[in-house]
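I have placed the structure first, in the form of structure tokens, so that the comments after it can refer back to it.
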Amino acid sequence: MGTDALTQGLNAEQARAVVTLDGPLLILAGAGSGKTRVLTRRIAKLLERGTVGGGAFAPWLRPWNVLAVTFTNKAAEEMRRRVEELVGESARQVWVSTFHSTCVRVLRQDIEPLGWRRDFVIYDDDDQLRVIKAVLEELKINVKELAPNAVRGRIDRFKNGISAGEVLPRADPFPRILELYEARLKKANALDFNDLINKVVQLWTEQPAILARWQERWKYVMVDEYQDTNPAQYSFLKLLTAESRNLAVVGDDDQSIYRFRGADLRNILEFESDFPGAAVIKLEQNYRSKGNILKAAAGVVRNNKARKDKTLRTDAEDGEPVQLVLADDETAEADDVVNRMIRMRRPWSEYAVIYRTNAQSRQVEQALTRNRIPYTLVGGRKFYDRMEIKDILAYLRLVNNRDDDVALLRIVNVPTRGLGDKAIAGLKLEATTHGISLRAAARTLGGTAGRAGTGFATFTLLMDRLERAAELQPLPELVQYVAEESGYLAMLLADEDEEAKSRVENVNELVKSAAAALDEPDDDGNLVGPGPMALRHFLDRATLSGQSDELPGEGNGSVTLLTAHLAKGLEFPVVFVIGLVEKCFPHARAELEEDIEEERRLAYVAFTRARERLFVTAPRRRRSLDGWFDDTVLSRFIAEIPEAALAGFDRDHGNMPRARPGFGAGSLGGFGAGAARGTPALPPSRGSAPFSPSRFSPNAAPKPVVAPARANVRPPGLRTMVPDNLDRFTVGAEVLHPMLGTGTIQQRDGTPANPRLTIHFASGGPRTVYAVTASLELVIRP
DNA sequence: GGCCTAGCGATTTTT
DNA sequence: TCGCTAGGCC
Ligand SMILES: Nc1ncnc2c1ncn2[C@@H]1O[C@H](COP(=O)(O)OP(=O)(O)OP(=O)(O)O)[C@@H](O)[C@H]1O
């Protein structure tokens, strides 16, 4: 691999970045300009420089002297893959990882001076919540007065240094809560996610000798998506590279989307003054997307006021315009997306569906499942968040760390051992009085008589057995042993439920994933056998990684489903960005102008993932929190797309044509007046699929399967009319609803223009609907 | 102690 | 709609 090989296929600026190996370097550039490509080549270049021949490395530059950090697991995985492609085997020894994993690596080795043991556990948000609830209980604060979730948010913001300026209640209990929270974590030998970075910064600040060792190890540091660093991460980098000054960062201020967890744009904007003498390289050529996609994305992000304008051009042709697709509701939207995939006849892996919130994946998953199309759901932490998985892991955590009170409380009575609230209260009392862990208190109480005593004795003996097993058995066997010996598996097997069966499956998956964890070498490239190291490594992985690595049905032949946040840095030939309606994207919680601008950047990120084709879709109505349908308003971001780059958009009609009473909405709901004026990009997808299944594509599903049309609720022979005036919907009137059938209006409130009706339906009970949107008809009785 | 249910409240993005 | 909690009942 010669010098030329690594700069081949790069433009002049990119090549310059790849060969600028020493000193601070900032690559500031727009989406798809090859930033990540440059970073991976640069890693390869460093390895090449360190090679002295015959696969050996010079002592002053070995693969493990290189550190590359990303923000998400997905991004780390992707970068690792690319580096490995370039340099092969030795890539394994380069540390390519998230900030959080990197910090765990440091703390597992050096945390002791801070007062934690090296076998510390990481508390995820669920554990955090349990601690907070316990603290609130201790302080006799009702969870109704102060939501544990709110407390967690505040703790996180506080630890991220973004709590300044928050409006504080008088007699604020927060400082006390925080104090007790921290004490509990410390006592349990635990750290939360935020601590991981903060503690490393503290450690390195207080212990120069330890810092020096890490500086010696990581002589070359690279950061992808630098615009998303928060103050703690900034300090981490600043400390680590203080001696070597070999810090290369790449980023794009338009893609800053983690303000909510403290990301500070100033980090990237002030890089040059922070690191004097920094080389600055700007990349202005986009290699990813067709012209129209780029124009659309640029047109949107241009609306941000707090923004530095930058150049981004492409040599690619315009390609198809971005296609706007409107659908009746989220189910129809998902069906539409899937139908288009089928029609395009590309390999499934070329499609990605990108959404704002995780919950939106469900409709798409269902549509894909109906059509037997394989898909991969990225993130959402689905696997390790399952109850049964967390339970088994809690046993393992308690084996790893006897002080993990949260883990103990989770499983001490699962399966039941006759230890109810009273017994647990006694256990806590015993522990507090003697200043010992719950595990130790259980042992003491195990020596007492009575039902609780027996329960604690059983539990203690069980945990002792599990601890012994942990020393002798390899990890997968240990996991299996825990599931069996604890009675957990037996409990599941005794349950006839379908759900219990799938839980058994998941426990088996966990055993497999333990085996997979063993195959992974540890930090220093050694394979680990039985004992605490393997267990810790496994537990870290479970907490830090978004998902189990290979869930069944995965592979490269599947459609990818992910949030816009997780999509950052990735690319796909065809992208569907769904749910482009106000309150969803931009999200309802984004109120301030700054928040809206971040949403806009998020849209920019989502749009720029597409290489060839971009679809933006929106449902006309959406289920709201109380389960009823709300009409939607098309996302403002759609109107910001330049006209010439967008198809399917009718600027004159407020963009969201919908049914209105008096215009003859059909009895199956669906398209109303505006649709007749030709606005929607598509015929309604429901019911009448306008194309035939492919006979050519090996990928095509036999026939698009859409969500079943709703049952026809209209009783035969019923006479109805669509009233010309909303005033006709009076209390006592009988109406026909397209989904719920006939009913009688019980109550009318809201405004005259937008009356809200409480209707008692024959099909079951009262529902509240808006007359304007419900497509109601008046029943005429002779 | 353990199970069931009525009532209530929430409601992004990630590690 | 969903998930959690408090409270009631066996
Ligand atoms: N000089 C080049 N010639 C051809 N293709 C290139 C060149 N540089 C990058 N590419 C391609 O352009 C695409 C985008 O590159 P990359 O993912 O590195 O961009 P990026 O700047 O990191 O994007 P983003 O900020 O959106 O994550 C990739 O498919 C990459 O292979």
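Residue numbers begin at 1 in each chain, while the letters A, B, ... track the order of the sequences. Reckoned from all heavy atoms, side chains included, excluding hydrogens, waters and symmetry mates. Not measured: the values here are computed from a predicted model.
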Check the distance between dA6(C)'s P and Glu137(A)'s CD and give it to me in whole angstrom. 9 Å
Taking atom P in both dC4(C) and dT13(B), compute the distance separating them and give it to the nearest angstrom. 16 Å
Check the angle between the aromatic planes of His565(A) and Phe260(A) and answer parallel, tilted or perpendicular using the 30° and 60° thresholds. perpendicular
Out of dT14(B), dG2(B), dG1(B), minimum distance to the side chain of Lys422(A) belongs to dG1(B)
Below 4.0 angstrom from OP1 or OP2 of dT14(B), is there any side-chain N or O of Asn194(A)? no
How many whole angstroms separate atom NE2 of His565(A) from atom P of dT15(B)? 11 Å
Measure the distance from CZ on Phe99(A) to P on dT15(B) and round it to the nearest whole Å. 14 Å
Between dG1(B), dT15(B), dT11(B), which one does the side chain of Ala423(A) approach most closely? dG1(B)
Using atom CG of Leu580(A) as one end and atom P of dT12(B) as the other, report the distance to the nearest whole Å. 18 Å
Quick one: Arg386(A) CZ to dG3(C) C1', roughly how many Å, whole number? 17 Å
Tell me what Thr416(A) touches on the nucleic acid: a base, only sugar-phosphate, or nothing, going by heavy atoms under 4.0 Å. sugar-phosphate
Against the side chain of Leu544(A), the closest entry in dT15(B), dT13(B), dT11(B) is dT15(B)
Is there a side-chain contact between Lys133(A) and the phosphate of dT5(C), meaning an N or O under 4.0 Å from OP1 or OP2? yes
Atom-pair distance (CG on Asp125(A); C1' on dT14(B)), nearest Å: 9 Å
Just to confirm, is there a sub-4.0 Å distance from OP1 or OP2 of dT13(B) to any side-chain nitrogen or oxygen of Asn358(A)? yes
Within this structure, what is the CG-to-P distance between Asn198(A) and dT15(B), rounded to whole angstrom? 17 Å
How are the rings of Trp218(A) and Trp95(A) set to each other: parallel, tilted or perpendicular (split at 30° and 60°)? tilted
Sorted by position of nearest nucleotide on DNA chain B, 5' first, the leading residue of Ala590(A) and Leu419(A) is Leu419(A)
Is the shortest side-chain N to carboxylate O distance from Glu138(A) to Arg184(A) below 4.0 Å? yes
Tell me which of Ala452(A) and Thr357(A) sits closer to the 5' end of DNA chain B, going by the nucleotide each one is nearest to. Ala452(A)
From the set dT11(B), dT5(C), dT14(B), return the single nucleotide nearest to any side-chain atom of Thr563(A). dT14(B)
Taking donor-acceptor contacts at under 3.5 Å, does the side chain of Arg261(A) reach the base of dT14(B)? yes
Would you indicate which nucleotide in dC2(C), dT12(B), dT15(B) comes nearest to any side-chain atom of Arg362(A)? dC2(C)
Can you tell me if Phe193(A) is stacked onto the base of dT14(B), using a 5.5 Å centroid cut-off and an angle below 30°? no
dT13(B) P sits how many Å from Tyr604(A) OH, rounded? 24 Å
Quick one: sort the Phe71(A) and Phe99(A) rings into parallel, tilted or perpendicular, breaks at 30° and 60°. tilted
With a 4.0 Å cut-off on N to O distance, would you call Asp192(A) and Lys159(A) a salt bridge? yes
Sort out for me which residue in Arg600(A), Arg307(A), Gln227(A) forms a side-chain hydrogen bond (donor to acceptor under 3.5 Å, both in side chains) with Asp254(A). Arg307(A)
